[in-house]
Student: 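Here it is, the structure in full.
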Number of protein chains: 2
Amino acid sequence: MAKNLQEKILATASELFYSQGIRATGVDAIAKAANTTKMSLYKYFPSKEELVIAFLRKRDEDFRTWFVAQVDAKAADPKDKLLAIFDVIGEWMDIPEFRGCAFINASAEFPLEGNPVHQLSVEFYDKFRHYIADLAGQCGAKSAESLALQLSLLVEGAIVSEQMKRHSGAAEQAKQAAIMLINGSLT
Amino acid sequence: MAKNLQEKILATASELFYSQGIRATGVDAIAKAANTTKMSLYKYFPSKEELVIAFLRKRDEDFRTWFVAQVDAKAADPKDKLLAIFDVIGEWMDIPEFRGCAFINASAEFPLEGNPVHQLSVEFYDKFRHYIADLAGQCGAKSAESLALQLSLLVEGAIVSEQMKRHSGAAEQAKQAAIMLINGSLT
DNA sequence: ATTGTAGTATACCGCTCGGTATACTACAAA
DNA sequence: TTTGTAGTATACCGAGCGGTATACTACAAT
């Protein structure tokens with residue numbers, strides 16, 4: 001069960017961190033939920049903070065990989081991909097485990113700018129915005145950076161809105177707004 | 001110092017809750033920062049949760065009052081007010097104490113839908129969206145509800161974005177996007 | 001002078017937190 | 001058969017958590 005245990009601990013911790021919040025999840029609870037002990041946990045992760053960082057790093061990797069794959073599967077043209085982003089977000093929100101964006105939540109729980117957890121959240125959204133800016137550039141938007149930032153605001157707003165109140169149609173409205181902004185930026 | 005102490009405790013707690021997070025702020029720290037004792041604190045607030053609720057209730061009151069006053073001071077016409085919203089948000093973000101939206105943060109710290117803290121956050125944004133929808137209706141938007149939701153997504157997105165990375169121009173980009181959406185909805 | 005009220009001081013409660021020490025079992029490689 | 005490795009079990013640490021008990025001071029109203 002060598003490497004397996006480490007991964008299981010991380011997976012269990014990730015689920016608890018995401019669903020209940022990081023501060024609300026104790027180390028004992030993680031060990032118990034993973035059917036192991038604190039001793040084993042601390043063999044792989046020297047501190048809770050390191051475990052949190054590992055959680056966010058993996059989340060960054062996994063989510064972005066999953067996300068672009070989803071977008072690619074829905075559209076080939078860069079402009080269509082920009083719109084597909086909102087469809088993917090909308091589908092993501094519909095799964096019952098959805099509890100908002102792990103990075104937005106983490107940066108709310110650790111608000112100090114210097115905090116490494118906060119920093120990882122910043123990096124995630126930088127990459128995300130860069131991904132959108134790339135697409136915007138490919139379809140010849142007037143100002144790709146501006147459009148990308150505007151679209152990312154819609155995405156983040158939709159996530160936060162949906163987290164507070166489920167099934168409020170945030171993703172759809174975000175997409176409608178995105179259509180206007182994209183068309184306006186391509187004329 | 002009768003009623004004064006209660007208010008001072010609430011004010012101190014509010015500042016700590018907002019700047020550090022709710023879970024990260026202990027009752028002892030609040031009492032010490034307010035130059036009083038836990039005994040006095042618990043005379044006015046039967047539990048920490050009640051103190052948190054009092055904090056959010058007052059914040060709801062104060063913020064919305066302050067916000068519409070700011071908007072009213074900047075514009076008279078409903079359409080101009082819709083745009084002024086983003087100027088006010090932008091100025092709010094520039095104050096050094098800005099740490100995002102207390103309600104978004106609270107709902108991230110208490111993600112369970114049934115939680116009273118989470119519920120207060122939902123109510124706040126319902127009122128906020130309703131305020132925008134009113135303005136949108138006054139200036140004859142095609143679909144006031146849709147426009148209001150879209151604009152609120154931009155606002156929330158800008159707040160979250162600015163909270164993660166300061167001075168990224170989120171409010172300005174949100175305003176540019178809002179102009180397009182509003183004009184599109186008024187034609 | 002008495003009594004009630006507002007607030008303080010301090011010590012304490014049980015519990016949980018993040019983290020560690022020690023001694024154990026199971027097993028595989030040499 | 002030894003030795004190293006992976007993991008378990010359990011008890012413990014100091015500190016902080018939310019919350020309470022008791023006894024105190026200051027002061028104003030009657």
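Chain letters run A, B, ... following the sequence lines, proteins first, then strands; residues in each count from 1.
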Student: Could you label the plane-to-plane angle of the B:Phe124 and B:Phe128 rings as parallel, tilted or perpendicular, counting under 30° as parallel and over 60° as perpendicular?
Tutor: parallel
Student: Between A:Gln163 and A:Asn105, is any side-chain donor less than 3.5 angstrom from a side-chain acceptor?
Tutor: yes
Student: What integer distance in Å separates A:Lys8:NZ from D:dT8:C1'?
Tutor: 14 Å
Student: So what's D:dT2 paired with, Watson-Crick or G-U wobble, going by both distances under 3.5 Å?
Tutor: C:dA29
Student: Would you say B:Thr37 reaches C:dA9's phosphate, i.e. side-chain N/O to OP1/OP2 under 4.0 Å?
Tutor: no
Student: Please confirm whether A:Phe103 and A:Phe63 have ring centers closer than 6.0 angstrom.
Tutor: no
Student: With a 4.0 Å limit, can you tell me whether A:Thr36 has a side-chain N or O closer than that to the phosphate oxygens OP1/OP2 of D:dT8?
Tutor: yes
Student: If you only use heavy atoms from C-beta on, which nucleotide in C:dT20, D:dT8, D:dG19 is closest to the side chain of B:Ser47?
Tutor: D:dG19
Student: Where each residue is assigned the nucleotide of DNA chain C containing its nearest heavy atom, which of A:Met39 and A:Ala24 is assigned the position nearer the 5′ end?
Tutor: A:Ala24
Student: Do the side chain of B:Glu156 and the main chain of A:Ala158 share a donor and acceptor less than 3.5 angstrom apart?
Tutor: no
Student: Is it the case that more than 12 heavy atoms not belonging to B:Gln20 sit under 6.0 Å from its CD atom?
Tutor: yes
Student: Take atom CG of B:Asp28 and atom C1' of D:dG19, then tell me their distance rounded to the nearest Å.
Tutor: 10 Å
Student: Can you figure out which of C:dT20, D:dG19, D:dT8 approaches the side chain of A:Tyr42 most closely?
Tutor: C:dT20
Student: Starting at atom CG of A:Leu41, determine the distance to atom P of D:dT8, rounded to an integer number of angstrom.
Tutor: 11 Å
Student: Taking atom P of D:dG18 as reference, at what distance in whole Å does atom CD of B:Glu49 sit?
Tutor: 12 Å
Student: Between B:Lys38 (NZ) and D:dG16 (P), how many Å, whole number?
Tutor: 12 Å
Student: In whole angstroms, how far is the C1' atom of D:dG18 from the NZ atom of B:Lys43?
Tutor: 18 Å
Student: Looking at C:dC12, which nucleotide sits across from it as a Watson-Crick or G-U wobble partner, both distances under 3.5 angstrom, or is there none?
Tutor: D:dG19
Student: Roughly how many Å is it from NZ in B:Lys32 to P in C:dT10, rounded to a whole number?
Tutor: 12 Å
Student: Can you work out whether B:Asn35 or A:Arg23 has the more 5'-proximal nearest nucleotide on DNA chain C?
Tutor: B:Asn35
Student: Whole Å only: how far is the CG atom of A:Leu5 from the C1' atom of D:dT5?
Tutor: 13 Å
Student: Report yes if at least one side-chain N or O of B:Lys48 is closer than 4.0 Å to OP1 or OP2 of D:dG18; otherwise report no.
Tutor: yes
